[in-house]
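Since the structure comes first, as structure tokens, the remarks are kept for the end.
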Amino acid sequence: MLEIQRIRNEKEAVITGLKKRNFDATEVVDSLLGIDLQWRNSKTELESISAELNILAKEIGELFKQGKQAEATAAKAKTADLKEKEAVLKTTVEGLDTQIIQLLYQLPNVPNEIVPAGKSELDNVNVLEVGTKRIFDFEAAPHWDICKKFDLIDFELGVKITGAGFPVYKGKGAKLQRALISFFLEEADKAGYQEFIPPLVVNEASGYGTGQLPDKEGQMYYINEDDLYLIPTAEVPLTNIYRDVILPSEDFSIKMTGYTPCFRREAGSYGKDVRGLNRLHQFDKVEIVRIEHPSNAEKALEEMVDHVKGLLEKLGLHYRILRLCGGDTGFASALTYDFEVYSAAQEKWLEVSSVSMFNTFQSTRLKLRFKTNDKKTQLCHTLNGSALALPRIVASLLENHQTPEGVVIPEALRKFTGFDMIN
RNA sequence: GGAGAGAUGGCAGAGCGGUUGAAUGCACCGGUCUUGAAAACCGGCGUACUGUGAGGUAUCGGGGGUUCGAAUCCCUCUCUCUCCGCCA
């Protein structure tokens, strides 16, 4: 959520910035400012009436104490009219209040200066490509065939137990999962991220904190009986650790990591994109989350990008980094880098990580702040990224590292898998 | 699932209709003292909105009510804890 103060102060900049998303904010901003003005006026009026009532109440109390019953009763009569006015104004102010929140919820984050304007993924900017397409001297198999051949992942069995999008990992397939998780966590640990094992279900307040609610509830599994949500990413529980927190000084840099399964309903997805590991309802992911001083956020983003690069390079994968254009950048993000790995057999790029900087968009709702040196409270900046999501990494590992004899495990993973070949 | 207790500032913990935004202790910050530190003493110390400012308003888990006036009384919801049962 954008701060109303920002819209008051930088109206034009907000509108111009949002244009890069192809979002015409003029109407929303205008009505927002109009309502905001009304709100402030009504609120001021309401407060002065409340102030008057407070004074009267004190006086009446004083009169009763002094035993001046008659005077007190007379004073009481005066309050009736004010109370009525107060009640009316209170309703008005509350109404305007909800209108403001509703409008604010409609506005996505203002993109960073370096975000290119654009409508879709076609306008994303390729900022780096590492590696080259592998040339096969045999018929390269897609990962779902490899999984079947070596009995690594059983999609049909998942359908039997649960449904589509809930695969069963078996044998070396299961070990590979565990190895990747350990590898990613160890790398995060080395980079200074503190490891957490958070709950996999969260309450409504947490959903609002990171912005999954109110809009995206359809994407989360919901447990009606207990009013809880299955997490779509570890970002939700990890970031919400710092909901309603005021950090005591300017001197902070919070780096968290956590492995969790992630649950996504993926309502509306269909077609070939859902084949094999490309899109699942339950998948594993190691997430990195950072809470930073505004002045350090951009540097943090760079570090996170470098971290993810390191992971992909250690796995020997051919990847590229895209700076997302305005239209493709997520609602809450100000700047996002997507990492895509080339899937040799499917002959397409698969998104394996998304690293985003949210500025104060999340911390506004989270009420996550810090104390400045002159004792003021200021909003923190939040960032997060996948480091990494497993399924598509597994898909590309299997496809890119396949040989006629089997799949070669990258050097960096071997100490975690305990084997160097899937055959 | 059954029974009970409770939710007050960073923490502990008073208050139980009227100068209470809230005693007291601890923690924290500033100062005095000290070569320095500790101790002692003095002062400060929640958050948010609003106002150029003095200030004003709200806030004692959330919502509603009674009252001139509520942290204090009533209703309701949520959450936490304890005991019993059940399960691991």
Side-chain angles (χ1 to χ4, degrees), chain A residues 1-9 32-104 197 199-209 213-214 222-229 237 240-252 254 291 360 362-380:
Chain A
M1 182 163 86
L2 292 175
E3 295 157 82
I4 183 75
Q5 291 88 345
R6 179 167 177 195
I7 294 167
R8 275 182 213 148
N9 301 332
L32 203 43
L33 289 176
I35 294 168
D36 180 53
L37 190 65
Q38 270 178 273
W39 177 81
R40 280 188 290 171
N41 288 338
S42 307
K43 179 120 174 161
T44 311
E45 203 181 331
L46 169 65
E47 287 182 356
S48 65
I49 289 176
S50 303
E52 230 177 299
L53 277 168
N54 286 344
I55 291 167
L56 276 172
K58 262 184 199 157
E59 284 173 3
I60 292 167
E62 201 54 41
L63 290 172
F64 272 123
K65 256 191 206 161
Q66 293 168 12
K68 299 177 181 169
Q69 297 290 336
E71 282 178 55
T73 314
K76 265 198 210 180
K78 287 204 298 195
T79 62
D81 184 41
L82 282 171
K83 278 181 76 174
E84 210 172 294
K85 274 192 202 159
E86 189 191 36
V88 172
L89 273 166
K90 209 173 162 189
T91 320
T92 310
V93 169
E94 275 165 14
L96 293 169
D97 230 340
T98 40
Q99 280 187 59
I100 289 171
I101 299 276
Q102 291 303 321
L103 287 168
L104 282 175
I197 301 181
L200 306 181
V201 280
V202 294
N203 58 27
E204 196 180 39
S206 294
Y208 276 96
L213 298 175
Y222 174 59
I223 305 163
N224 189 46
E225 204 172 3
D226 297 299
D227 199 17
L228 296 170
Y229 297 85
N240 272 284
I241 291 173
Y242 284 91
R243 170 156 48 85
D244 285 318
V245 167
I246 300 177
L247 300 166
S249 79
E250 300 210 18
D251 184 27
F252 66 93
I254 293 161
I291 294 165
T360 59
Q362 288 188 323
S363 56
T364 312
R365 282 202 223 174
L366 285 164
K367 297 199 181 70
L368 164 54
R369 293 156 293 175
F370 65 94
K371 279 270 186 231
T372 62
N373 291 334
D374 54 347
K375 301 279 167 71
K376 297 223 166 75
T377 55
Q378 197 181 327
L379 291 164
C380 300

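When reading the values below, keep in mind they use all heavy atoms of this one structure, side chains included, and skip hydrogens, waters and symmetry mates.
In this structure, A:N54 reaches the B:rU57 phosphate: one of its side-chain N or O atoms is under 4.0 Å from OP1 or OP2.
Look at B:rA3: its Watson-Crick or wobble partner, with both distances under 3.5 angstrom, is B:rU82. Summarising the base pairing, B:rC33 is matched to no nucleotide, lacking a Watson-Crick or G-U wobble pair whose two defining distances lie under 3.5 Å. Nucleotide B:rU66 forms no Watson-Crick or G-U wobble pair with any nucleotide shown, as no partner meets the under 3.5 Å limit on both distances. The nucleotide B:rC45 finds no pairing partner, because no Watson-Crick or G-U wobble arrangement with both distances shorter than 3.5 Å includes it. Of all nucleotides present, none satisfies the Watson-Crick or G-U wobble test against B:rA14 with each distance under 3.5 Å.
Distance, A:R365 CZ to B:rA48 C1': 18 Å, rounded to whole Å. With rounding to whole Å, A:F370 atom CZ is found 19 Å from B:rG10 atom P. Distance, A:I49 CD1 to B:rU57 C1': 12 Å, rounded to whole Å. Distance CG (A:D244) to C1' (B:rC79): 15 Å, rounded to an integer number of Å. Separating the CG atom of A:D227 from the C1' atom of B:rC77 is a distance of 12 Å, rounded to the nearest angstrom. If you take CD of A:E204 and C1' of B:rC77, they are 13 Å apart, rounded to a whole angstrom. To the nearest angstrom, C1' of B:rA70 lies 12 Å from NZ of A:K83. As a whole-Å value, the separation of A:D97 CG from B:rU57 C1' is 14 Å.
Nearest-nucleotide positions on RNA chain B for A:L46 and A:D226 put A:L46 closer to the 5' end.
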Between A:Y222 and A:D227, does the side chain to side chain contact (heavy atoms under 4.5 Å, CB included) criterion hold? Intermediate values first, please. CA-CA 7 Å; A:Y222 174 59; A:D227 199 17; 2.6 Å; yes
message: Assess the residue pair A:N54 and A:K58 against the criterion (side chain to side chain contact (heavy atoms under 4.5 Å, CB included)); give the C-alpha distance rounded to whole Å, side-chain angles, the decisive distance to 0.1 Å, and a yes or no.
response: CA-CA 6 Å; A:N54 286 344; A:K58 262 184 199 157; over 6 Å; no
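Not one N or O on the side chain of A:D36 forms a donor-acceptor pair closer than 3.5 Å with the backbone of A:L32.
Using a 4.0 Å heavy-atom criterion, one finds that A:A75 contacts no nucleic acid atom at all. Nucleic acid contact class of A:T73 (heavy atoms, under 4.0 Å, all strands): none.
Distance noted for atom P between B:rA5 and B:rC75: 14 Å (whole Å). Distance noted for atom P between B:rU82 and B:rA12: 15 Å (whole Å). B:rG15 and B:rA71 have their C1' atoms separated by 8 Å, given to the nearest Å. As rounded to the nearest Å, B:rG85 and B:rA3 have C1' atoms that lie 11 Å from one another. Remark: the separation of the P atoms in B:rU32 and B:rC81 is 47 Å, to the nearest Å. Using P as the reference atom, B:rU72 and B:rG17 are 11 Å apart when rounded to the nearest Å. Going from the C1' atom of B:rC16 to that of B:rG30 covers 36 Å, rounded to whole Å. Using P as the reference atom, B:rU57 and B:rU19 are 14 Å apart when rounded to the nearest Å.
The shortest side-chain heavy-atom distance between A:L368 and A:I291 falls under the 4.5 Å cut-off. Side-chain contact between A:Y229 and A:N203: absent, with no pair of heavy atoms (C-beta onward) separated by less than 4.5 Å. Residues A:D226 and A:V201 fail the side-chain proximity criterion, which asks for heavy atoms closer than 4.5 Å. Side chains of A:T364 and A:L379 form a contact here, defined as non-hydrogen atoms less than 4.5 Å apart. In this structure, the side chains of A:F252 and A:C380 come closer than 4.5 Å at one or more pairs of heavy atoms.
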With the criterion being N/O to N/O and under 3.5 Å, what pairs connect the protein with nucleotides 15-21 of chain B, and how long is each?
| unit_1 | atom_1 | unit_2 | atom_2 | d |
| --- | --- | --- | --- | --- |
| B:rG18 | N2 | A:A57 | O | 2.8 |

So which protein nitrogen or oxygen atoms get under 3.5 Å of nucleotides 49-52 of chain B's nitrogens or oxygens?
| unit_1 | atom_1 | unit_2 | atom_2 | d |
| --- | --- | --- | --- | --- |
| B:rC49 | OP1 | A:Q5 | NE2 | 3.3 |
| B:rU50 | OP1 | A:R8 | NH1 | 2.8 |
| B:rU50 | OP1 | A:R8 | NH2 | 2.6 |
| B:rG51 | OP1 | A:R40 | NH1 | 3.4 |

Please tabulate, one pair per line, all N/O donor-acceptor pairs under 3.5 Å involving side-chain atoms of residues 85-96 of chain A, not counting sequence neighbours.
| unit_1 | atom_1 | unit_2 | atom_2 | d |
| --- | --- | --- | --- | --- |
| A:E86 | OE2 | A:S50 | OG | 3.1 |
| A:T91 | OG1 | A:A87 | O | 2.8 |
| A:T92 | OG1 | A:V88 | O | 2.9 |

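Within a 6.0 Å radius of CG in A:D251, no more than 12 heavy atoms belonging to other residues, nucleotides or ligands are found.
One distance of note links CZ of A:R40 with CZ of A:R8; it measures 4.0 Å at 0.5 Å rounding.
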